[in-house]
2 protein chains.
Amino acid sequence: MRCLILVISLLFSAIAFAQTQDLEKIHSYREKNEASIYSDFISFLKIPNVATDTVNIRKNAEFLVQFMNARRISDVQLLEADDKNVPPVVYGAIKVPGATETVIFYAHYDGQPVNPALWANGLHPFQPQLVSGRIDEEGSIQTSVNFPVNDNWRTYARGASDDKAGVMAILNAFTAIKESGLKFPYNIKFFFEGEEEQGSTHLHQILDKYRSQLQSDLWIICDGPVHQSGRKQIVFGARGDAHLTLKVYGPKNPLHSGHYGNWVPNPVMILSKLLASMKDDNGRVTIKDFYNDVIPLSATEKQALKNIPAVDEDLKKKIGFAKEEMNGKSLMESINLPSLNINGIESSNVGTIQANVIPISATAVIDLRLVLGNDWKRQQQKVIDHIIKQGFYVTENEPTDEERSSHPKIVQVKRGMGDNAERTSMDWPGAKSVVAAVQQTTKDRVLQVPTLGGSLPLEDFVKVLNAKFLIIPIANYDNNQHAENENIKLRNFWEGIDMMAAIMLMKF
Amino acid sequence: MRCLILVISLLFSAIAFAQTQDLEKIHSYREKNEASIYSDFISFLKIPNVATDTVNIRKNAEFLVQFMNARRISDVQLLEADDKNVPPVVYGAIKVPGATETVIFYAHYDGQPVNPALWANGLHPFQPQLVSGRIDEEGSIQTSVNFPVNDNWRTYARGASDDKAGVMAILNAFTAIKESGLKFPYNIKFFFEGEEEQGSTHLHQILDKYRSQLQSDLWIICDGPVHQSGRKQIVFGARGDAHLTLKVYGPKNPLHSGHYGNWVPNPVMILSKLLASMKDDNGRVTIKDFYNDVIPLSATEKQALKNIPAVDEDLKKKIGFAKEEMNGKSLMESINLPSLNINGIESSNVGTIQANVIPISATAVIDLRLVLGNDWKRQQQKVIDHIIKQGFYVTENEPTDEERSSHPKIVQVKRGMGDNAERTSMDWPGAKSVVAAVQQTTKDRVLQVPTLGGSLPLEDFVKVLNAKFLIIPIANYDNNQHAENENIKLRNFWEGIDMMAAIMLMKF
């Protein structure tokens with residue numbers, strides 16, 4: 001059976017790709033132009049890209065418009081939401097005479113919020129630095145850069161991997177093909193989102209508004225990290241995501257913990273007991289029906305999981321922990337389940353400005369990841385029902401004096417927006433062409449992964465446009481995505497260009 | 001029995017105080033000089049007074065030296081610890097010819113650490129403001145000040161109540177007596193500490209070093225708030241205090257909560273479960289032997305507790321909560337027990353800079369208050385033993401890679417310095433003189449309270465000097481001590497001067 005799959009795959013490669021030479025041209029173009037490609041990337045990274053920073057986020061979009069116009073991409077424009085404060089989508093197109101198929105290449109130019117104080121010495125989210133390795137290991141900041149640069153070195157900045165690398169891999173792949181005199185076999189559209197890290201709140205509206213302009217046969221989503229083994233992967237889906245912010249109340253004003261300690265309830269203790277009630281000692285979520293809606297994996301998907309090399313023990317060492325949270329479950333099994341994670345918690349202060357108080361409140365952010373079958377609003381409600389069952393009075397507002405006097409345990413719950421999980425079938429023929437194209441760029445077998453642990457706004461593509469999608473991640477897995485010290489390994493950036501080019505050259 | 005006590009008390013008043021007229025002189029001096037007393041107080045509050053701010057803390061000491069020299073107090077000097085970075089004690093003396101007794105008046109000039117961002121709009125810890133009431137209720141900031149000022153108004157600043165008000169009440173009481181031409185019946189020494197809010201780490205050393213200079217018959221500790229009923233109180237002891245900082249570890253670098261959520265353990269969840277294990281649902285600490293060492297209250301102390309008006313229900317409304325933490329226990333019962341309180345917790349971020357991560361660590365500060373019989377190191381150890389019993393590997397350092405690989409649950413425990421509880425016997429005759437003196441300043445019965453809920457470095461006075469002490473609090477109870485928006489009601493400041501003067505004029 002395995003042999004048969006291999007033979008079929010190799011046949012696909014032979015049919016679809018006579019163009020190893022083409023890829024060599026791409027490779028050589030990229031090598032010749034490393035310095036200018038890198039310099040453009042750095043200029044892009046210097047523009048602060050938190051989506052809520054409405055002034056700077058638009059500078060990113062303007063940068064892309066200029067960049068794409070300079071490369072004579074057609075029809076470059078901003079796709080705007082109704083509210084002009086929303087980060088626009090940057091759109092462009094390549095119309096190929098006679099071509100019938102269209103593929104849209106997606107990446108996002110916004111990044112997660114930043115706390116510069118947490119970044120390593122000498123680093124800043126919007127002052128990109130080249131580092132000769134990992135900053136927390138052997139790497140040191142390089143003040144002068146000579147090309148070719150060692151491709152184990154890394155560039156540190158917000159968005160370096162998530163997902164300005166994706167945007168730049170796509171645009172440089174296009175340029176490389178064009179400048180190498182190669183032909184595009186199908187129509188291409190570019191779609192660069194600016195609100196992904198804020199939950200793609202207006203993506204649905206934009207897709208709906210520009211529905212006819214955005215018809216395609218496939219969306220290629222360039223986002224996320226390659227497999228921890230270093231192997232390239234094609235991902236068929238992503239987990240959904242929803243948040244809840246819980247704020248538990250103590251005294252109306254901070255009180256001296258000596259004069260009132262033992263008597264006035266402590267909000268950190270109340271919140272700790274609530275959070276602790278949500279998981280058992282084996283890491284299993286104890287919230288009623290939490291795992292009930294999950295649609296089991298298909299036989300193909302289960303087989304695909306088995307083909308993925310187990311990296312768990314090695315990863316545990318690198319990440320620095322002894323035992324997985326869910327007793328006995330592998331990483332791959334875990335990300336194919338809905339999760340409950342705490343993103344952060346805060347109450348009063350610790351460290352140099354800690355004080356002897358009973359704090360006025362304690363706040364935690366809960367991050368729910370969802371798999372196929374979960375509904376994000378239903379999943380949030382399960383958590384809220386659990387909170388009520390623990391004896392809490394739940395409100396969306398600051399509690400009134402009367403509420404404070406009537407309820408021993410009060411929690412303010414803010415529901416964030418969410419997305420459901422989505423997945424493209426592994427049996428869809430178009431997927432096989434993409435697998436074969438990416439396989440051209442590497443000697444190692446490309447992995448096929450049913451779902452990414454992370455989330456993407458796939459639900460909107462599927463619901464609004466009824467679109468097919470595949471995710472092609474390019475970043476190194478240890479990229480500190482979403483956190484301080486975000487980085488991309490240069491090799492991953494260069495190979496990202498190769499991968500995007502291989503897909504742009506594939507025959508459907 | 002109650003009648004008898006009343007008769008004896010009244011007799012004491014009659015014997016000890018023929019000087020109602022003297023107090024009237026003090027009162028009238030203070031009224032005449034309100035503007036200049038207030039202006040000095042404001043100048044003092046403007047000097048930042050966090051003990052770790054070595055430059056500014058010394059400016060506070062210099063201010064006091066000048067202030068005391070200007071009032072011709074003798075022997076004004078700084079009592080220094082061996083390390084010159086330690087905030088010095090400001091000392092001074094009044095030698096009364098023929099007097100045999102000596103009373104030392106203690107207050108501290110340092111304040112709790114500050115987070116200016118948390119202070120109400122228009123307020124800043126070191127830019128004192130006069131507010132026409134509570135800032136969070138009807139009060140508004142007053143830009144011009146005309147004397148006499150409404151004595152329900154409040155001054156907001158760090159140290160306004162805790163404890164620069166104490167320092168200034170003592171020094172102004174001295175000045176008022178002197179300027180009114182009254183006689184001091186005993187020798188007076190002034191002792192103003194600068195490291196109290198940092199745990200009085202070097203007090204022991206300073207007391208030991210200046211042992212002979214610091215002999216006395218009584219220490220009057222001017223610190224803390226009056227009773228919540230507004231009644232003046234004399235406090236015979238204080239709870240001890242000790243801290244533990246607990247840091248629980250997640251991944252070595254922040255991880256994307258989508259890609260790794262469910263698989264990599266979350267330090268907030270681990271810490272929440274640990275904290276939750278420390279108290280049952282009735283607020284009782286579940287740590288083994290936690291309440292075992294407690295020396296029960298004496299019959300006199302139990303009776304004193306009964307004489308204190310119950311303010312619990314009224315306080316609950318003001319503070320804004322429905323049910324006391326320890327099921328059925330009154331405030332007075334609660335502060336006569338050891339406590340476990342969480343001062344603050346922190347992990348990653350919440351709010352505008354929250355991010356979808358599994359945080360690298362979560363930290364909580366635990367504040368242990370102790371009563372007579374507890375030993376602070378033993379109490380810390382009980383908590384640590386409990387943590388170990390929950391399956392944690394405990395270290396004082398950052399965990400090594402090997403430790404991370406070997407232990408599923410790792411906690412770094414930092415032990416802060418501590419103090420034991422101390423109490424002066426209610427039956428000591430000297431105490432009765434002080435009660436009678438303070439009683440002269442108010443029509444309401446002065447309360448006698450076995451212990452303050454808060455902590456003071458009393459253990460050092462008792463251990464090093466074998467000294468007697470009594471605590472005379474002057475601040476309003478709702479002073480936001482130790483937190484943002486610290487304030488003193490002007491009436492409490494003025495009455496503090498009267499109280500200190502009455503004690504300085506008492507006959508032993």
Side-chain angles (χ1 to χ4, degrees), chain A residues 112-113 115 239 251-254 256-259 261-266 268-269 272-273 275-276 279 317 319-326 331 334 337 339 341-350 353-358 363 365 367 369 404-408 453-455 480-483, chain B residues 112-113 115 239 251-254 256-259 261-266 268-269 272-273 275-276 279 317 319-326 331 334 337 339 341-350 353-358 363 365 367 369 404-408 453-455 480-483:
Chain A
Q112 281 271 318
N115 183 353
R239 288 207 278 193
K252 277 159 79 176
N253 291 292
H256 189 295
S257 58
H259 298 319
N262 267 32
W263 191 64
V264 175
N266 186 300
V268 185
M269 183 56 84
S272 293
K273 282 190 170 281
L275 296 173
K279 282 197 176 178
K317 281 206 191 79
I319 296 174
F321 70 104
K323 194 171 173 302
E324 66 285 349
E325 191 176 40
M326 294 187 85
L331 173 57
S334 298
L337 284 173
S339 74
N341 186 54
I342 307 168
N343 285 156
I345 190 167
E346 195 177 88
S347 178
S348 188
N349 301 293
V350 305
I353 55 167
Q354 73 185 53
N356 282 326
V357 295
I358 301 174
T363 303
V365 179
D367 170 45
R369 298 287 163 161
R404 282 175 170 273
S405 290
S406 321
H407 305 286
S455 306
N480 277 28
Q481 206 180 340
H482 287 201
Chain B
Q112 280 272 319
N115 184 353
R239 289 207 278 193
K252 276 158 77 176
N253 292 290
H256 189 296
S257 58
H259 299 319
N262 267 31
W263 191 64
V264 175
N266 185 300
V268 186
M269 182 55 83
S272 293
K273 281 189 171 283
L275 295 173
K279 282 197 176 178
K317 282 207 190 78
I319 296 174
F321 70 104
K323 195 169 171 305
E324 65 285 349
E325 192 176 40
M326 294 187 85
L331 172 58
S334 299
L337 285 173
S339 74
N341 186 55
I342 307 167
N343 284 156
I345 191 167
E346 195 177 271
S347 179
S348 188
N349 301 292
V350 306
I353 56 167
Q354 73 185 53
N356 281 326
V357 294
I358 301 174
T363 302
V365 179
D367 170 46
R369 298 286 164 162
R404 282 175 171 275
S405 290
S406 321
H407 305 285
S455 306
N480 277 29
Q481 207 180 340
H482 287 202

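Throughout, protein chains are lettered first and strands after them, A, B, ... in sequence-line order, and every chain is numbered starting at 1.
- A pairwise comparison of heavy atoms in B:N266 and A:I342 identifies ND2-O, 2.8 Å as the closest pair.
- Contacts between A:S406 and chain B at a heavy-atom distance below 4.5 Å involve the backbone alone (N, CA, C, O).
- Applying the salt bridge (Lys or Arg N to Asp or Glu O under 4.0 Å) test to B:E346 and every residue at least two apart in sequence or in another chain returns nothing.
- Below 30°, between 30° and 60°, or above 60°: for B:F321 and A:W263 the angle between ring planes is above 60°, a perpendicular geometry.
- Between A:A276 and B:A276, the shortest heavy-atom contact is CB-CB, 3.9 Å.
- Note: A:L331 leads A:N480, A:V268, A:L331 in heavy-atom pairs under 4.5 Å with chain B.
- Contact annotation for B:D367: only side-chain heavy atoms (C-beta onward) come within less than 4.5 Å of a heavy atom of chain A.
- Counting heavy-atom pairs closer than 4.5 Å to chain A, the top residue among B:N253, B:L337, B:L275 is B:N253.
- The two residues B:N341 and A:V357 make their nearest non-hydrogen contact at ND2-O, 3.2 Å.
- Per-residue heavy-atom pair counts under 4.5 Å with chain B were compared for A:K252, A:M269, A:E325, A:K323, and the maximum is reached by A:E325.
- For B:Q354, there are no side-chain hydrogen bond (donor to acceptor under 3.5 Å, both in side chains) partners at least two apart in sequence or on another chain.
- Put simply, of B:N115, B:N262, B:V350, the one with the most heavy-atom pairs under 4.5 Å next to chain A is B:N262.
- The candidate with the highest count of non-hydrogen atom pairs below 4.5 Å against chain A, out of B:S272, B:S405, B:S455, is B:S272.
- With chain B as partner, the option from A:P251, A:G344, A:G258, A:P113 having the largest number of non-hydrogen pairs under 4.5 angstrom is A:G258.
- Contact count against chain B (heavy-atom pairs under 4.5 Å) is highest for A:G320 among A:G320, A:S348, A:P408.
- Shown here for A:S339 and B:G261, the closest heavy-atom pair between the two residues is CB-O, 3.7 Å.
- Each of A:S257, A:S347, A:P254 was compared with B:N343 under the side chain to side chain contact (heavy atoms under 4.5 Å, CB included) criterion, and only A:S257 meets it.
- Of the two parts of B:H407, only the backbone, made up of N, CA, C and O, holds a non-hydrogen atom closer than 4.5 Å to a non-hydrogen atom of chain A.
- Taking each heavy atom of A:E324 and B:P265 in turn, the nearest pair found is C-CG, 4.4 Å.
- Ranked by heavy-atom pairs shorter than 4.5 Å toward chain A, the options B:Q481, B:R369, B:R239 are led by B:R369.
- Across B:Q112 and A:N356, no two heavy atoms sit closer than the pair OE1-N, 3.4 Å.
- Between the side chain of A:K279 and the backbone N or O of B:K273, no donor-acceptor pair lies under 3.5 Å.
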